[in-house]
A.B. asks: 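One structure, as structure tokens, below. Some questions next.
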There are 2 protein chains.
Amino acid sequence: MTTTHRSPALAATSVEEAVEALRERGLRASAARRLVLEALYGADGPLSAERVAEGLEGRLPRSDLASVYRNLETLEEVGLVRHVHLGHGPGLYALAAPEHEYLVCESCHAVRTVASEELDAVRTQVREQFGYEPRFAHFPLVGLCPDCISESHGHEERKRAHS
Amino acid sequence: MTTTHRSPALAATSVEEAVEALRERGLRASAARRLVLEALYGADGPLSAERVAEGLEGRLPRSDLASVYRNLETLEEVGLVRHVHLGHGPGLYALAAPEHEYLVCESCHAVRTVASEELDAVRTQVREQFGYEPRFAHFPLVGLCPDCISESHGHEERKRAHS
DNA sequence: TAGTTTTTGCGACTCGTTCGCAGTTACGCA
DNA sequence: TGCGTAACTGCGAACGAGTCGCAAAAACTA
């Protein structure tokens, strides 16, 4: 395989289903690979490779960080996994199944996950005005969240501007 | 100075004017600092610290990378400079003067710079629907540009998905 | 011109991520 | 059931982007 294809999202509702999808394309279900899948199924939000390698703080056996990265990449090629860049800090990985997009707050870094359709009106506006088809699944929409907007009435932010 | 304030944009239309602004807050106009300013004035778009340190490929004397970073930070605190994260790759720095925001293409990485007001309709849509006040000056709006949309009709992209 | 304080330039270091490679392991087939 | 051969692992070393510590050098000030 020479081309690094980004496949369409592939829904698998269990590790075993995911393993099946892997085998269908001649990929193997190694222990390390299963561990990555288990971490992603066991998490309630996107995970850094680091957290996966640490086995979700001990809930799973730890594994080698380089292998975790390679497996996340493989799983992403297959379409089982997707990653996001939520501002600074490491990339975060999650199961690809439900098509999610992200809004993050520039000030407090809170993340809001929304279903893709919820952004259709925004998408239409941008498409009509600029011809761009915005996508907030890989890079989020960044702005000030409602909380930080109200806080910034009158006085400036006091968090370090980790910009 | 303990707080790392993000100052409002400060317009300076020449290196000398910028130097003046520096001196007003007790900062010095060192050679290295002027060099950074000259690079930014001499460039036609946002620059990486690396390119500044290399003196725009030889057009200016090269300088120390760590100092360039420190100076960019200082200039940003003063409000003369602003930086963007256009997808992957290093952060890019530009003079702060005109309030710009960015649209970038997820596929071909083309960058479109737009005046802030042009995004007001989008901003209103997002604010009304989510309460977020989107800002595309520090992290851009990411999507598919018109060219890549038409190209992707029928066949998939062939660039490496440097995601 | 001397004194003080900022800034420089260098090297060492961090963090997130990738690469090279020898050793292991999963699967396909006998 | 075991055997060969790919795919995969785990380690260490390297990467690019950015930061930090520190002694030496400049910039402003009196």
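Sequence lines set the chain letters: A, B, ... in the order given, protein chains first and strands last, and positions in each chain run from 1. Heavy atoms only: backbone and side chains are in, while hydrogens, waters and symmetry mates are out. Keep in mind it's a predicted model, so treat the numbers as computed, not measured.
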A.B. asks: Considering only dC27(C), dT9(D), dA27(D), which nucleotide approaches the side chain of S30(B) most closely?
C.D. replies: dA27(D)
A.B. asks: When the nearest nucleotide of DNA chain D is assigned to A32(A) and to A29(B) on a heavy-atom basis, which residue is associated with the more 5' position?
C.D. replies: A32(A)
A.B. asks: Please give me every residue in residues 43-70 of chain A whose heavy atoms get under 4.0 Å of an atom in DNA chain D, ordered by residue number.
C.D. replies: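 Listed by number, they are D64(A), A66(A), S67(A), R70(A).
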A.B. asks: Return the value, rounded to whole Å, for the distance between atom CG of N71(B) and atom P of dT6(C).
C.D. replies: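 Taking atom P of dT6(C) as the reference, CG of N71(B) is at 15 Å.
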A.B. asks: At under 4.0 Å between heavy atoms, what does G26(A) touch on the DNA or RNA strands: base, sugar-phosphate, or nothing?
C.D. replies: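 Result for G26(A) = nothing.
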A.B. asks: Tell me whether the OP1 or OP2 atom of dC28(D) has a side-chain N or O from R23(B) closer than 4.0 Å.
C.D. replies: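 True: R23(B) side-chain N/O within range (under 4.0 Å) of dC28(D) OP1/OP2.
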A.B. asks: Is it true that E101(A) and R123(A) make a salt bridge, defined as a side-chain N closer than 4.0 Å to a carboxylate O?
C.D. replies: yes
A.B. asks: Provide, to the nearest angstrom, the distance between the CD atom belonging to E76(A) and the P atom belonging to dT17(C).
C.D. replies: 12 Å
A.B. asks: Quick one: R28(B) CZ to dT6(C) P, roughly how many Å, whole number?
C.D. replies: 7 Å
A.B. asks: Mind checking whether H138(B) and H85(B) have parallel, tilted or perpendicular rings, split at 30° and 60°?
C.D. replies: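 Rings of H138(B) and H85(B): tilted, as their planes differ by 30° to 60°.
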A.B. asks: Answer with yes or no whether the hydrophobic clustering places V114(A) together with F136(B); edges join I, L, V, M, F, W, Y residues whose side-chain heavy atoms lie under 4.5 Å apart.
C.D. replies: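 Yes; F136(B) is reachable from V114(A) via cluster members.
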A.B. asks: When you compare the side chain of L56(B) with that of L47(B), does any pair of heavy atoms fall below 4.5 Å?
C.D. replies: yes
A.B. asks: Check for me, please, whether V126(B) and I149(A) land in the same ILVMFWY cluster - side-chain distances under 4.5 Å, paths through other members count.
C.D. replies: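 Different clusters: V126(B) never reaches I149(A) through Ile, Leu, Val, Met, Phe, Trp or Tyr contacts under 4.5 Å.
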A.B. asks: Round to the nearest Å and state the distance from Y93(A) atom OH to dG16(C) atom P.
C.D. replies: 12 Å
A.B. asks: From CG of L86(A) over to C1' of dG16(C), roughly how many Å is that when rounded to an integer?
C.D. replies: 15 Å
A.B. asks: Could you state the atom-to-atom distance from CZ of R25(B) to C1' of dT6(C) in whole Å?
C.D. replies: 17 Å
A.B. asks: Please give, in whole Å, the distance from dG18(D) P to L72(B) CG?
C.D. replies: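 So the CG-P distance, L72(B) to dG18(D), works out to 10 Å.
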A.B. asks: Rounding to a whole Å, what distance do you find between L35(B):CG and dA26(D):P?
C.D. replies: 15 Å
A.B. asks: So if you build clusters from Ile, Leu, Val, Met, Phe, Trp, Tyr with side-chain heavy-atom gaps below 4.5 Å, do Y132(A) and L103(A) land together?
C.D. replies: yes
A.B. asks: Less than 6.0 angstrom separating the ring centers of H88(A) and F139(B), yes or no?
C.D. replies: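 Ring centres of F139(B) and H88(A) closer than 6.0 Å.
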